[in-house]
Amino acid sequence: MAINSSTSSNILLLALTLVLAILTKTQANDPDILTDFITPNTTSVDASFFTYSGLSGFFNPNPNNFTVIKATMTQFPALNGQSVSYAVLQFPPASVNQPHTHPRAAELLLVIMGTLEVGFIDTKNVLFNQTLIEGDMFVFPKGLVHFQYNRNHNQAAIAISAFGSANGGLLSVPKSVFASGIDDNVLAKSFKTDVPTVQKIELGLKN
Ligand SMILES: *[C@@H]1O[C@H](CO)[C@@H](O)[C@H](O)[C@H]1NC(C)=O
Ligand SMILES: *[C@@H]1O[C@H](CO)[C@@H](O)[C@H](O)[C@H]1NC(C)=O
Ligand SMILES: *[C@@H]1O[C@H](CO)[C@@H](O)[C@H](O)[C@H]1NC(C)=O
């Protein structure tokens, strides 16, 4: 078959599509590394480089406030390039982990004490929510807005979350929308309300 101009432009289109597909894929995941592991410098490392004890006091049955203890590549540099990380979430009675997203990671949450109401919203704006008890696991798909709530007014809750990235990132919905300097008029129009209402929300987030 002779390659005419329409065939070659089809080939070009196909090549472009492939390149775009590959680019999209790499951007959504941690990069593959070409070495066994990544060290911060050329000094040789031993097993202590692969050990992290920063979560040792995580089982606090009486937390004073909602607390997240992270073990990402920031706290634990050996995770760089390994596409995994952890966080421990401590919930006092009646506390919430406000709606947020992790742009680079799915989150696999395991309840180890108490009960938690959890949920995420998909891109069709459908809410998937569940009440979890000790031993239950829930997966929050990558990039979707989600929350956790300890509805119990007497008992704390503790959960451990694993992430499919060494640095999943955190974007809090209340803070990114109302505490980032977006013009009050833009927010008032977007939320179909007035500027004083927007300012009341902004003030609440500063406390
Ligand atoms: C190299 O990295 C190791 C492990 O993080 C650290 O202990 C050491 O101080 C670093 N050395 C230099 C010269 O930065
Ligand atoms: C939150 O509680 C933890 C202990 O559960 C405590 O270490 C921390 O200082 C508290 N933070 C605030 C802002 O009260
Ligand atoms: C899901 O959320 C709705 C309110 O939006 C609530 O009525 C329901 O009890 C929740 N379901 C679970 C299983 O937590």
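Because the structure is predicted, anything quoted here is derived from the model rather than measured. Remember, it's 1-based here, ligands and their atoms both numbered in the order they're listed.
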**Asked** How long is the span from the OG atom in S85 to the CD atom in Q75, to the nearest 0.5 Å?
**Response** 9.0 Å

**Prompt:** What residue and heavy atom of the protein are closest to atom 5 (O) of ligand 3, and at what distance?
**Reply:** L127 CD2, 4.0 Å

**Request:** Just jot down the ligand 3 atoms closer than 4.0 angstrom to any heavy atom of Q130, in number order.
**Result:** 13 (C), 14 (O)

**Complete:** Heavy-atom proximity to atom 10 (C) of ligand 3, picking from V118, N129, L132, points to N129

**Message:** Among all the protein's non-hydrogen atoms, which is closest to atom 14 (O) of ligand 3, and how far away is it?
**Reply:** T131 OG1, 2.8 Å

**Centroid-centroid distance, Y86 to F58, less than 6.0 Å** = no

**Item:** Polar contact flag, side-chain donor to acceptor under 3.5 angstrom, N65-T67
**Value:** yes

**Fill in**
In this structure, CD of E134 is separated from CG of L116 (nearest 0.5 Å) by 10.5 Å

